[in-house]
Amino acid sequence: MERMDWPVDVRTQVDQAGSELVELLCRQNSDVLDRIFALVEPKRLDQIQSLTNNRDRVSAIVEYFRNSDRNLCTQFLSTVYQYSENIPFLLETTLVSIAGYTHGANCNHTCETDQSSPSPHVKRPRLDHLQSYTDALKDMVLQKHKSVAQAVVKDIRLDDTWVYLRHRNLPRGKDRNIQPQASLDNHEGEESEHKVSVESLLKTTSRVVMLLGQAGSGKTLLVHCLGRSWAEGSFPSIDLLFLLEFRQLNLISRNLSLKELLFLYYPACGDDKEQSDAVFEFILSKPEKVCFIIDGYDEFRAKLTHPERLESNIDPSKLLPMTDLLSGLCNRKFLQGCTVLVTCRPRDVTDMFGSPGFITCELQGFDRLGVKEYAEQYFHKKGDELKKKAVNLLMDNRHLLSMSHIPGLCHICCVCMDHLFSSDGTHLQLPTSLTQIYMQILLAFLKRIDEGVVSGTSPLQRHRTKIDEMSQLALKGLDESTIVFMDTDVSPELQNFGIKSGILSCVKLTFEDGSSGRGFTFMHLTMQEFLAALHLMTSQSITESQLKKKLNLKTRWTTKIDPKTVFTDSLHLYVCGLAAEACTYSLIQLKGAESTKAWVQKRQAAVRNVLLGFSGSTSQTGPKIVELCRCAYETRDAKLARAIGSRPQFEMRNIRLNTVDMDSLAFVTAAADQNVCLDFGGCSIDLDCLEILPSFKTVDHLIFRSRKYDDKFAEALCGILCKLQALRQLDFISGGLTDVGAAKLARALEDCPNITHLKMGKNSISTDGIITLIERMAACPSVQEVRVEANKEISLFFSQSSDTVCENTDLNNKEEPKSVTIKQSNINVSNVVSLCNKLRGFSHITLLDLSKNSLGNKGLKKILDLLPKLGMIQEIKVGENGVDMDGVVMLASALCNQKNLKRVDASENGKKQLALWFDTSRRLTHSDIKPVYMTKLCKQLVKCENLLDIEFSHLKLSNESVEKLMLILPEMSSLQLLNLSHVDLSTNGALLLVRSLADCQRVTAVELRLTEYKLCKSSVEKLSKILENCPRLSELDLSHNLLRDDGVKCFVDYLPKLKISSSVSLTGNRITQIGALHLVNSMNTCEKVVAVEVSLGVEDQSLIKFVQEHVNGKTLRLRDCSFEVIHLKKLVEILNRCPRLLTLELSSNSLQSQGLLLDSLVELSTIQTVKLGNNCLSSEQIEYFVKQFGSCHQPRDIRIEEPWLTGSAVVSLVAKCLTLQPHIKEIRAHSEKFSPALQSISLDLKGAAEDEVETLAEALPDTTTFESLGLSQLVLSDRGAAVLGRALQSVPNLELINLSQCSGWTEARGRDLVRGLMQCLSLAEIRLDSVVLDEEGVTILAQGFSRLTSLRRLRLSKNQLGLSSAAKLAQVLPLLPQLSELNLSENQLGPQGSLALCDGLMSMKALKILHSDLVGVASSLKNCPSIEDISLSWNGCSDSLAQTLAEILPLCTKLRRLDLEANNISTAGATVIAKCLPLCPFIEVIRLWRNPIAKDDENLKDQRLNFSSV
């Protein structure tokens, strides 16, 4: 072994190893120190030996030699090395190097005098062992690389092979185990990434790297290339590199130490224990010099132990289970500082590796150029013509090209094409799916066995036995998570078949006892999965239930909870691919006979049915939806693709999408042929994937939300957008977009004919970038609105169908109005100048909203200065910009000087709302105007020549400010409206303001609201005197003051002198019953008063209304007044003096002397309506009042509410009233109220006593005028039913009968009741909802219908009608020529009964309203030309009904309303209905409540579709 050079300064070595030298020398005996003391000069030696503490002496010695010359320091280190014992390995490495370098040349003292002293060469073997082992290790690593790379087509350059380096932003919250799906806007759970070379992964040491890649991406090859590069010296910072394979580690079942594990696979030379000890000591002492590469975690049968279950510090020599040992290595439980690289398929990676420096990276597949280069290399020796033909075919075939982005699949595609080109035949049939490619690969492998063999049978038939045996082995391996098969697991015949064909590979195995053997693996895991799928689809022993278990969709999200997924990646895809029609013949060949075709097709159909079941699930996550699309893509089944693609939106979250995924998504959306939204959130998307977007013919909404999507991504997207003909909205949000990318994106959308909306919020766009963007967009005719808010929202709205490209825009064009909104973007005075300069000349901008920025008064002045140059702008909003009252005064001046500025709105002195309008008003709200500012403001407004409206609302004005305003008011010649609503004034200030307005000759109309001014009697007296001179007072509001009873009386006394045209409000003035009577008396004292409303309860209200054009009489409403006798007497006196009183309402008044009031009311001949509610009236008082009040022959209306008027009380009272008052024409009673006016009776009799109901029935009038009887919720025994039945026979002219929800009688008496009912031959409406009828009762009813020729409405819902009832009704209903409304809902008619009734409906030409649950009724509606209202709710109907309705509805030209509530109509069904609505302008509403419909679907925007009960 050659000696190592030692060019480093030895004094530096002493400086670096100082503390270790001190520790070493403190442990040595005195002889060693004496030899070192001999090297020290005497004077310094005396000083050192004078120190009493041994450590101090040793520290002084080391310090002495550190500052000495190089030769002396070298002698010191050589002496330490020669004579010290138990030197630590790292320190010994340094010392032996120096000692070896200086021996015999630079050493001034010799060892000849002491034969017992050790020589440097005695310790040298320890380093020799390390060097020899390192050389042997490199040889073993190179040999492994040679074995793996022997069939590689293209040389691997690690510096030109790229991976995505991920950085995760972990989500907040308790559960970080599950992959985040929502919270993308704040980037929680999202992974950012950038590209690095594979070579760089080992350039930085002391970290744990997880290298991810799909099956076939080349992970194994790359890690062996890394090993080769290390062996060739590319990574000098790594002294030892161990490359382990999880597939080999599966063979170890016993506990091992780290040392045993390493030397099991990389043994010392000749199993030299001394060498292994030396090497392992080096590993322990210098872990930062050691690298471990462990390949194929996805092939590991177990799951690594969670680090929390491991000890904090593990002894490397301790025997541990393999899962603990590897987890400890990856999580730095020992060998801290070592480098670890683990490879795995993406879905099996976990974030459980919590050690510092842990990173994840994923292999980048081939881009288009990489695919082309690989194909050219593969076909290099096949001849130029074949190479050119094959490469062109691969690059032009989108399906093959999509698969070829994965290197392993690219190789398989090349093998496939090679096989197809070399086969007989001139027509090249290219496979269209991954499964079909593998079928061709299998044929290519079989061809190797048949080389030179001529046979009439196909290779699949000839070798089907061996293929079956091989596929059975493949499935067994997948079930047992086995990728390496023992020699004993594979029969010699199958070994020979597999090796000869190339399906199997022979591998060398190392067992846990150190012995070697051989095993077998499939040429790739994907081939094992394909063969396993063949077994599933061809084996009779596999049941359909077993097959279904293999079809679970895979997720691409990873979890901490259960990171290890099933062993396979693609088994389900191959099973789906074999279910395609194109693979049927191949499966039949493998089955061996044409007679098995039916069995094969049944097996294929079972697979497709499982996938159809998945497509109907609403709980599938984005990754599983992508997998489902992949499955449909493999089957090539249009029906399945249509079912999957019918969803309105596809959400993809935090997964990597490749070109095959995108092709699959395009396939299913194209099959559905409906508008769709693609939402990509946090997904890694190769730029090549964007090339596939034009294949999505129906995508109308694209969403990209991730920091991964930057300017480069946007630039690539720009070239695609114009090809998306259906695109209407693009959201590029929460991304890495800068000014450059945003401008390019917006420009690209100008060429999209149907685009309406672009969102770019939450990116990295600067204020200057926003302004530049707005300039560009303002010049574009297709842009209607630009909206920016704090960089959170950046939206562009486009007009539809604009083919105009915005170059050389003609400023004289008549463009559509546009608006620009920039909020919370820190726009200041400098920015606003730039913005206005960029917008100047764009005449089509009508709104500029700069609210919530930093303009201040200076920025506002700049806008005013530039206002004439802003074209035809109509509104500028600058609220919340730090503008104060000085800015408002400046606006007042501008209002006069700027001819284009016509209106200003300001609140809170301009600090809140501040808007510049272009009409004729001036508004100032929520401000505190000081006198000095009022003077300045008004003086500016006086100069205004245009008609001027001023609104000073919600202001705070002092008396002095009011005086200033009133002094200048007469000078405002252009003023036409002054609004001073909700102004904060003192009482005197309010009176001053009113007096000024009254005195001002220019005032033409006043609405005066003086609320909460603490006005008292004296104040209202002053106010009234002032208002006498106000000729045009419209409304007067004196609410919530302190008038009390005397103040109200004072005001009422003045009321005849006031010229009020509308109303006066005195609410909240603390009045009593006396004050209420003063207000009532105003109807007598003031002729113009037409109504008084007073409430002294919780709803405090006092209102006086004046003459209206359409009102003739007077109305009095008194609520919660609690009048006592004295008050009632006064009230009666007032009412007696009111000749025109028509309506009187008294409610909740707790009348103490009802008799007095009721007698008085009877005497008031002018009253037409009396409403008495909750006044504690007894039954006797009501009876008396009804009798007396109704004695007059003129029509009168009495409405009485009392809490006791329920059930039996209602029945009893109605019966007595009918007896007492023969002039009653109508009675209605619903639980709590009835109103006499009797041609009809309508009672809700829930809880009524039977005796009283009988009394009521006997009291029914037998006059010919009695036409309507409603007795709902009646409960009667047989006796009561008989009485009611007889009573019905005495009212032959009855037109309406309502017995809904009546019950209690037997079937026999029910039939008698029906017979009595059928005697009423004039019936036009029958309501028998929820009345149970037996078959005979239905027969009697149906027979009676034939005589009811006037029947127009029939309601028989919830009657338990069955098939026979339906048949009887179907015969008689068509005989009712005037029947316009039919309700048969919620019965048990069944399919046959429904069919019979539907046939009957075809003859009912007058039918307008139909409520039913008839099966198949929709198809009959086209024969009902008068139909206006249809209810098919609560029927469980599916999309098939929607399809039928879509065909029928355009024919129902009088239809207004369709109720489809509580069915099972999906979004697709609703969309079908929506598409027919343009042909149905007559339809007003379609209720779709409680259906599984995505209400925000773009296709369901028609306002007539109603989804909510709100």
Side-chain angles (χ1 to χ4, degrees), residues 1-131 274 277-278 281-282 284-286 289:
M1 184 182 293
E2 297 180 359
R3 294 178 179 175
M4 293 182 291
D5 293 334
W6 195 261
V8 183
D9 188 357
V10 292
R11 289 172 297 185
T12 303
Q13 296 296 319
V14 174
D15 187 37
Q16 294 176 350
S19 59
E20 296 177 70
L21 285 170
V22 171
E23 293 295 331
L24 173 65
L25 295 177
C26 284
R27 297 195 299 267
Q28 305 303 315
N29 57 41
S30 59
D31 293 339
V32 177
L33 293 179
D34 289 342
R35 292 182 180 276
I36 294 173
F37 286 156
L39 302 176
V40 183
E41 62 178 10
K43 184 178 180 180
R44 181 56 180 150
L45 180 61
D46 291 340
Q47 295 175 352
I48 292 174
Q49 288 181 333
S50 65
L51 298 173
T52 58
N53 185 281
N54 185 52
R55 176 173 292 276
D56 292 342
R57 286 197 298 271
V58 170
S59 298
I61 290 172
V62 173
E63 181 65 20
Y64 171 77
F65 287 109
R66 187 179 71 82
N67 296 318
S68 63
D69 60 54
R70 184 178 185 279
N71 290 335
L72 185 58
C73 186
T74 302
Q75 293 180 40
F76 163 67
L77 294 177
S78 298
T79 304
V80 172
Y81 172 68
Q82 287 180 262
Y83 299 104
S84 297
E85 300 293 335
N86 300 319
I87 305 176
F89 188 74
L90 280 177
L91 181 59
E92 184 181 23
T93 303
T94 302
L95 296 177
V96 75
S97 300
I98 296 174
Y101 178 75
T102 59
H103 183 72
N106 298 318
C107 191
N108 293 331
H109 75 283
T110 63
C111 305
E112 290 84 354
T113 58
D114 188 351
Q115 297 298 324
S116 64
S117 63
S119 167
H121 296 286
V122 176
K123 297 183 179 183
R124 182 80 191 186
R126 297 177 67 181
L127 295 180
D128 292 341
H129 288 320
L130 178 61
Q131 187 63 53
E274 186 176 347
D277 290 342
E281 186 178 353
F282 174 79
L284 296 178
S285 60
K286 281 198 172 183
K289 291 288 187 178

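From a predicted model like this one, the values you see are computed outputs, not experimental measurements.
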To the nearest 0.5 Å, what is the distance between [atom1] on [X] and [atom2] on [Y]?
X	Y	atom1	atom2	result
Lys43	Ile48	NZ	CD1	13.0 Å
Asp34	Gln28	CG	CD	12.5 Å
Arg35	Asp31	CZ	CG	7.0 Å
Ser50	Arg57	OG	CZ	9.5 Å
Lys286	Leu130	NZ	CG	9.5 Å
Arg27	Asn54	CZ	CG	12.5 Å

Quiz item: Considering residues at least two apart in sequence or located in another chain, which fulfil the side chain to side chain contact (heavy atoms under 4.5 Å, CB included) criterion with Glu63?
Solution: Arg66, Asn67

Self-check item: Counterpart residues, side chain to side chain contact (heavy atoms under 4.5 Å, CB included), relative to Leu284 (two or more places apart)
Solution: Phe280, Pro316, Leu335

Quiz item: Side chains of His129 and Phe282: closer than 4.5 Å at any heavy-atom pair?
Solution: no

Quiz item: Are any non-hydrogen side-chain atoms of Leu21 and Phe65 less than 4.5 angstrom apart?
Solution: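 Sidechains of Phe65 and Leu21: no contact.
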
Self-check item: Matching residue for Tyr64 among Leu45, Leu72, Ile36 - test: side-chain contact (heavy atoms from CB on, under 4.5 Å)
Solution: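 Of Leu45, Leu72, Ile36, side-chain contact (heavy atoms from CB on, under 4.5 Å) with Tyr64 is met by Leu72 alone.
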
